Amino acid sequence: MIDLHCHILPFVDDGARDAAMACEMAEHSLRSGVDVVVATPHCNIEYMPGNYRSRSYWEVFGLFKALLKQHHIPLTVLPGAELFAHGENLEQLLEEELVVTLNHSRYLLTEFDFLTSAEDMSAKLRLIRHKGYIPVVAHPERYKAIQETPEVAHRWFREGYILQVNKGSILGRLGEGAAHSATYLLRHGLAHVIASDAHHPYYRPTGFRSLTTALSRICSAEYAQLLLQTNPLHIISDKAVIPPDL
Ligand SMILES: [Fe+2]
């Protein structure tokens with residue numbers, strides 16, 4: 001399986017805090033059925049390294065790949081980032097191509113402050129698309145606006161934005177609102193992808209094994225395959241995502 005959203009790169013955000021933890025997360029991914037991970041450190045958050053597309057990003061990324069090789073951990077790691085979209089510099093970042101897309105594709109993983117209004121998020125998603133990217137909305141089920149007004153998710157789906165639900169939301173580890181909203185998105189066929197959004201080997205971990213049982217209660221095996229394998233593969237290959245057909 002492919003994990004499209006994971007804070008596995010060490011030293012760069014609130015995910016893996018050092019090389020040992022990053023390797024532990026990589027081993028956990030492999031043990032639980034994930035063989036490809038897209039490294040998606042937070043990008044453009046004020047109190048963290050910027051993690052923009054830069055020489056320092058590629059240095060850290062290259063060092064991590066070398067580290068895995070040195071420790072004989074056969075996990076494929078691809079580049080990416082999770083762009084925190086706020087109004088002050090979004091247009092500039094997009095115009096200057098300072099964002100790291102998912103494995104060099106047109107797909108851009110994007111997050112918002114949890115309390116951002118639906119109008120504000122929608123405007124930013126429009127701007128991202130206008131600049132030639134395909135927005136992948138990170139954990140829509142965690143945003144208050146989606147929890148309170150699920151119609152917004154229907155609208156985003158119709159607009160062609162990709163909706164990425166978190167494993168932890170489905171498992172009820174990210175609060176009741178997120179759990180309820182994640183179930184809604186899956187039951188209505190609005191989710192395109194599930195990812196771990198892992199930050200730690202044990203707390204918010206990598207891997208999808210614990211997810212299988214929970215998912216089987218909510219959706220079909222075919223839909224689960226689309227969410228965990230087919231669509232992530234299409235995204236990292238820069239191909240069109242397949243909409244769920246319930
Ligand atoms: Fe994340």
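What you see is a predicted model, and the numbers here were worked out from it, not measured in a lab. Counting starts at 1 for both ligands and their atoms, following the listed order. Values reported hereafter were calculated over all heavy atoms of this structure, with side chains retained and with hydrogens, waters and symmetry mates removed.
- Glu59 CD: more than 12 foreign heavy atoms inside a 6.0 Å radius.
- Atom-to-atom distance recorded for Arg129:CZ and Leu94:CG is 13.5 Å, nearest 0.5 angstrom.
- Side chains of Glu82 and His139: a donor-acceptor N/O pair is present below 3.5 angstrom, by distance only.
- Within 6.0 Å of CG on Asp18 lie more than 12 heavy atoms contributed by other residues, nucleotides or ligands.
- Summarising the local packing, NZ of Lys65 is surrounded by 12 or fewer heavy atoms from other residues, nucleotides or ligands at distances under 6.0 Å.
- Considering only heavy atoms from C-beta on, Arg126 stays 4.5 Å or farther from His130 through its side chain.
- Listing protein N, O or S atoms at distances below 2.8 Å from the Fe ion (ligand 1), with waters left out, gives His5 NE2, His7 NE2, Glu82 OE1, Asp197 OD1.
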